[in-house]
Amino acid sequence: MNPRWFGITILMAGLAAVPVGAQNAAQAAAKAESKAIPRMPDGHPDMQGVWQHPYVPDMTQDRENQKGYCEPAAGSTVAKSAAAKPPCDLPFTPEGLANWKNYDVSKFDYTGHCLPFGLLRSMNVGGYPVQIMQNSTYLSFLFEQNTWFHVVYMDGRGHPAKLEPTWFGNSVGRWEGDTLVVDTIGFNGLTRLDTIGHPHSDAMHVIQKFTYTDRDHLNYEVTIDDPKMYTKPWSNTRTFWRMKPGEELIEYSCEENNRDFTQGHIK
């Protein structure tokens, strides 16, 4: 090969490598930016935004973006394959099992009377997004469903010594690294956990954990500890996803002239 052409070839190869390397660096920076989570001025994750979440009618079942809790139902055999999964139960106490067996959602569903869903069932109703508002003192969940809201106290306070039981309970929050932990007690025991009616009592203690997996997705874990209804704590996990820019909460109103009543669908 002509030495002149050999030198030119080496030079051109070196020049060609520069933009390729720069392009790779730009792509890596863009990828890192897409994974970087937004943060508040105090350094904690900024979870503000409008979030969609999966519909969870039955907390024992797995669905898209939802992992339920399942113990083989009493009297059933353990499945030999995933395709033959046995009926599921929660770890009921005798009181909890009796409550569950005596409940028929087709005969009465309190939500059809426009009563508050309660904290857990509000988190389980997919299709109705939740907006998170946040500062260093408070974090609030704004539920599109029935335009409810729930405040989490983030200023280091504990639960009040004397609690007035409510539909959504009393929530205090803390940070464990980049995970938001919401601790809730003080429920009135008048709601259900999910659409099919798994029970809870006024002794329920709920821990919710929210962790970014990337800037547009949250891992959500909820643990229910209710010694009146269940023999041990149990959990669900699911994924929340950020709604697109411009997609906001809309007004929702539960009306007394509900056709489900007037047409006899529910009582």
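Here the structure is a predicted model, which is why all the values come from computation and not from measurement. Residues take their numbers from the sequence shown, with the count starting at 1.
- The closest donor-acceptor contact from the side chain of D226 to the backbone of S201 lies under 3.5 Å.
- Looking at residues two or more places apart in sequence or on another chain, you find a side-chain contact (heavy atoms from CB on, under 4.5 Å) between T93 and E95, T231.
- Summarising the geometry of T60 relative to D89, their closest heavy-atom pair is CG2-C, 4.5 Å, with the distance given to 0.1 Å.
- The CE atom of M59 lies 13.5 Å from the SG atom of C70; values are rounded to the nearest 0.5 Å.
- Separation of atoms OG (S235) and CD (Q208) is listed at 11.5 Å; rounding is to 0.5 Å.
- For the pair T137 and Y153, the minimum side-chain heavy-atom distance is 4.5 Å or more.
- For T191, the side chain to side chain donor-acceptor pair (under 3.5 Å) partners are H200, not counting sequence neighbours.
- The two atoms that bring P116 and F168 nearest to each other are CB-CE1, 4.1 Å, heavy atoms only.
- Taking all atoms of both residues into account, the shortest heavy-atom contact from G173 to V152 is N-CG1, 3.5 Å.
- Listed by first and then second residue, the salt bridge (Lys or Arg N to Asp or Glu O under 4.0 Å) pairs involving residues 233-253 are D216-R242 (not counting sequence neighbours).
- Follow the hydrophobic side-chain contacts under 4.5 Å out from L193 and you reach I196 in the same cluster.
- Residue pairs meeting the salt bridge (Lys or Arg N to Asp or Glu O under 4.0 Å) criterion with at least one partner in residues 114-125, sequence neighbours excluded, are D109-R121.
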Check against side chain to side chain contact (heavy atoms under 4.5 Å, CB included), H150 and S171: CA-CA 8 Å; H150 184 64; S171 292; 2.7 Å; yes
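- With values rounded to the nearest 0.5 angstrom, L142 atom CG is found 6.5 Å from M133 atom CE.
- One hydrophobic cluster, built from ILVMFWY side chains closer than 4.5 Å, cannot hold both V130 and Y55; they sit in different ones.
- Scored by the side-chain contact (heavy atoms from CB on, under 4.5 Å) test, T211 finds T179 as partners (sequence neighbours excluded).
- For residues 39-60, the salt bridge (Lys or Arg N to Asp or Glu O under 4.0 Å) pairs, not counting sequence neighbours, are R39-D178.
- Within the model, atoms CD1 of I37 and CG of D214 stand 10.0 Å from one another, a figure rounded to the nearest 0.5 Å.
- Transitive grouping of hydrophobic side chains (ILVMFWY, heavy atoms separated by less than 4.5 Å) brings L190 and V206 into a common cluster.
- For residues 185-208, the set of pairs meeting the salt bridge (Lys or Arg N to Asp or Glu O under 4.0 Å) definition, not counting sequence neighbours, comprises D202-K228.
- Listed by chain and number, the residues in a ring-ring contact (aromatic ring centres under 6.0 Å, His included) with F117 are W148 (sequence neighbours excluded).
- Residue T239 holds its OG1 atom at 9.0 Å from CG of L218, rounded to the nearest 0.5 Å.
- Cluster membership check: M243 shares its hydrophobic cluster with L249, using side-chain heavy-atom separations under 4.5 Å among Ile, Leu, Val, Met, Phe, Trp and Tyr.
- Panel note: side chain S140, backbone V151; no donor-acceptor pair is recorded below 3.5 Å.
- Within 6.0 Å of the OH atom in Y252, the count of heavy atoms belonging to other residues, nucleotides or ligands exceeds 12.
- The minimum heavy-atom distance between G127 and E144, with the atom names listed, is O-OE2, 4.4 Å.
- Here the rule is ring pair (Phe, Tyr, Trp, His ring centres under 6.0 Å) with Y220, and of Y212, W51, F141, F240 only F240 fits it.
- Taken from CD in Q61 to NZ in K67, the straight-line distance is 10.0 Å, to the nearest 0.5 Å.
- For P54 against Q66, the heavy-atom pair with the smallest separation is CG-CB, 4.4 Å.
- Nearest heavy-atom pair, P45 versus Q134, reported as atom, atom and distance to 0.1 Å: O-NE2, 2.9 Å.
- The shortest distance between side-chain heavy atoms of L180 and M47 falls below 4.5 Å.
- You'll find the side chain of E71 stays beyond 4.5 Å of the side chain of L90, heavy atoms only.
- With H198 as the fixed residue, the ring pair (Phe, Tyr, Trp, His ring centres under 6.0 Å) test singles out one of W234, Y230, W100: W100.
- Listed by chain and number, the residues in a side-chain contact (heavy atoms from CB on, under 4.5 Å) with H205 are D183, I185, I207, D225 (sequence neighbours excluded).
- The six-membered or imidazole ring of F143 lies away from that of Y128, with a centre-to-centre distance of 6.0 Å or more.
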Full working for side chain to side chain contact (heavy atoms under 4.5 Å, CB included) between D155 and Y138: CA-CA 7 Å; D155 55 1; Y138 305 102; 5.6 Å; no
Audit row: I132, L139, side chain to side chain contact (heavy atoms under 4.5 Å, CB included) steps and yes/no: CA-CA 7 Å; I132 297 178; L139 184 144; 3.9 Å; yes
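- Hydrophobic clustering (side-chain heavy atoms under 4.5 Å, transitive across Ile, Leu, Val, Met, Phe, Trp, Tyr) groups F187 together with W167.
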Intermediate values then yes/no, ring pair (Phe, Tyr, Trp, His ring centres under 6.0 Å), F108 and H113: CA-CA 9 Å; F108 177 79; H113 294 261; 5.2 Å; yes
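- Here W175 pairs with H44 under the ring-ring contact (aromatic ring centres under 6.0 Å, His included) rule; sequence neighbours left out.
- Listed for the R63 side chain is no donor-acceptor partner under 3.5 Å among the backbone atoms of V56.
- Listed by chain and number, the hydrophobic cluster partners of I250 come to none, as no ILVMFWY side chain reaches under 4.5 Å of it.
- Taking Ile, Leu, Val, Met, Phe, Trp and Tyr as members and joining any whose side-chain heavy atoms lie under 4.5 Å apart, directly or through other members, W241 forms no hydrophobic cluster with any other residue.
- Between I224 and M204, the closest side-chain pair of non-hydrogen atoms falls below 4.5 Å.
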